[in-house]
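Notes to accompany the following structure.
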Number of protein chains: 2
Amino acid sequence: MAVQTEPSRRPRSPMSRERVLRAAVRLADEAGIESLTMRRLAKELGVEAMTLYYYVANKDEILGGIVDVVASEIEAPADGPDWKELRKSAISAHEVLMRHRWAASLMLSSRHPRLGHMEAVLGCLRRAGFSAEMTHHGYHALESHIMGFTLWLAGMALDAEKLPDLAAEFLRELPRQEFPHVAEHIETHFVKPTEYTGSEFEFGLDLILDGLERIREES
Amino acid sequence: MAVQTEPSRRPRSPMSRERVLRAAVRLADEAGIESLTMRRLAKELGVEAMTLYYYVANKDEILGGIVDVVASEIEAPADGPDWKELRKSAISAHEVLMRHRWAASLMLSSRHPRLGHMEAVLGCLRRAGFSAEMTHHGYHALESHIMGFTLWLAGMALDAEKLPDLAAEFLRELPRQEFPHVAEHIETHFVKPTEYTGSEFEFGLDLILDGLERIREES
DNA sequence: GACCGTACTCGTACAGCGTAAGAATGTCAA
DNA sequence: TTGACATTCTTACGCTGTACGAGTACGGTC
């Protein structure tokens, strides 16, 4: 039963569905999701396009697969009694989705639900004493914030390092008397090149969590 | 032979950029955004694909244009003193984006900001006494909820009328002891064919608005 | 009439996309 | 050696956006 296959004879590392997916994630991260084509992905793997179809039914399966890869990086809320574990989990989701800026919109349009994560979040709320009704409302409020905010920020951050310059130029051409608040917004937000620390995401998150807390205490 | 009023050579109404965009919106509404191709849109207008390029630089301009058409349907918050005008405006945005389920994700990826709406929302918060900082936070929290929730719901509602059956079958195959809360969630949400009235959207919206209110009163 | 500029529409072509069909190649067991 | 099977590649098809240039219609002017 000695494995006779000598890797030296065939320099290519063995292909696999997992290897395809990992390469797809890397390609999407580095070159954008629009660069993820069957031919380009195949070239990346040193192979022809049709070879991929031996490991994957079609491109949709690749898209679903890389969404799963990314989703598995998200930290689920712990099982303990503290329902504010959701806070950590939400921040984790935001961070992961910002590392893979193409993932959020794919995740929303994915036909296949992430049951494990959903179960963990719902259970966390339920154990904290929320009613079924309130649990569902809370779940959607949280998920909406994560997705909405992340999608917005990911759209902004397409060209992160030259954003201050872009904002400055935009500001110069903006008719200020017509859009004074927009001008103010851009100024405080973008022109000074502050590192994004997630505080904006957390503001909205805490708005929701504190609101839920209050509802829970009232009931 | 009088060829003048031959039905095959029907009198085409005059083409225009606006007519192209309106047809594009209708096509996307009726057949999905993925059906919006230059050739199909042209056929819809009784014309060849390349004709469209006389009115529009490229397809991206069409996509930007139809986003603007949809955005203009959204009711901006009124200029008055009541900052909860934002509530009406947010609900309007949600309704409009649900009428055009392809629009939300396009709007998020659009490179061109909707200054008028942004100015109205920011001004509304500012006039209510929020600090610049808080205004920006509130703006993003609201916008995130609108976009995140609408995108989620639009993804769900792809095949609205047969959703209860789908949910029932999904539920039948779901390992209940493994995902009890998910099962509960699906049951209360989908199996009974309740008309969606927007109450879920408004729950999260009010969580945010009430949270902002409290912050305003504290300061 | 003839001529011409302008506005508009279309035919053709090309590179790139996902992928169906099947041939070619490599590897192992009998 | 033969045959079965796993893996990869070649070719081709219909679709996409769109570059390029050739029509076509319709005013003026001479």
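For the numbers below, each heavy atom of this structure counts, side chains included, while hydrogens, waters and symmetry mates do not. The chains referred to below are lettered A, B, ... by the order of the sequence lines, with proteins before strands, and numbering in each begins at 1.
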- Interatomic distance where CE belongs to B:M15 and C1' belongs to C:dT9 [whole Å]: 9 Å

- Message: Expressed as a whole number of angstroms, how long is the span from A:M50:CE to D:dA6:P?
- Response: 18 Å

- A:L45 has an atom CG; how far is it from atom P of D:dT8, in whole Å? 10 Å

- Message: Looking at A:S35 and A:A31, would you say the former's side chain and the latter's main chain have a donor-acceptor pair under 3.5 Å?
- Response: yes

- Message: A side-chain contact here means heavy atoms from C-beta on lying under 4.5 Å apart; do B:E75 and B:E95 qualify?
- Response: no

- Is A:R40 near enough to C:dC17 that one of its side-chain N or O atoms lies under 4.0 angstrom from OP1 or OP2? yes

- Query: Are A:M107 and A:M147 close enough that some pair of their side-chain heavy atoms sits under 4.5 Å apart?
  - Reply: yes

- Message: Measuring from atom CG of A:L21 to atom CZ of A:R26, what distance do you get when rounded to the nearest 0.5 angstrom?
- Response: 12.5 Å

- Please confirm whether any donor atom in the side chain of B:R39 sits under 3.5 Å from an acceptor in the base of D:dG17, or the reverse. yes

- Query: So, B:R19 side chain and B:P14 main chain: donor-acceptor pair closer than 3.5 Å or not?
  - Reply: yes

- Over how many whole Å does the gap from A:K43 atom NZ to C:dG16 atom C1' extend? 12 Å

- Return the nearest nucleotide to the side chain of A:T51; candidates are D:dC9, C:dT9, C:dT19. D:dC9

- Message: Quick one: does any side-chain atom of A:H145 pair with a main-chain N or O of A:A141 as donor and acceptor, under 3.5 Å?
- Response: no

- Would a distance-only check, ignoring hydrogens and angles, find a side-chain to backbone donor-acceptor pair under 3.5 Å from B:E119 to A:H181? yes

- Under 3.5 Å: donor-acceptor pair, side chain of B:D165, backbone of B:A168: no

- Near-strand residues of residues 53-67 of chain A, defined as heavy-atom separation under 4.0 angstrom from DNA chain D: A:Y54, A:Y55

- Task: Output the residues of residues 29-38 of chain A in contact with DNA chain D, where contact means a heavy atom of the residue under 4.0 Å from an atom of the strand; sort by number or write none.
- Result: none

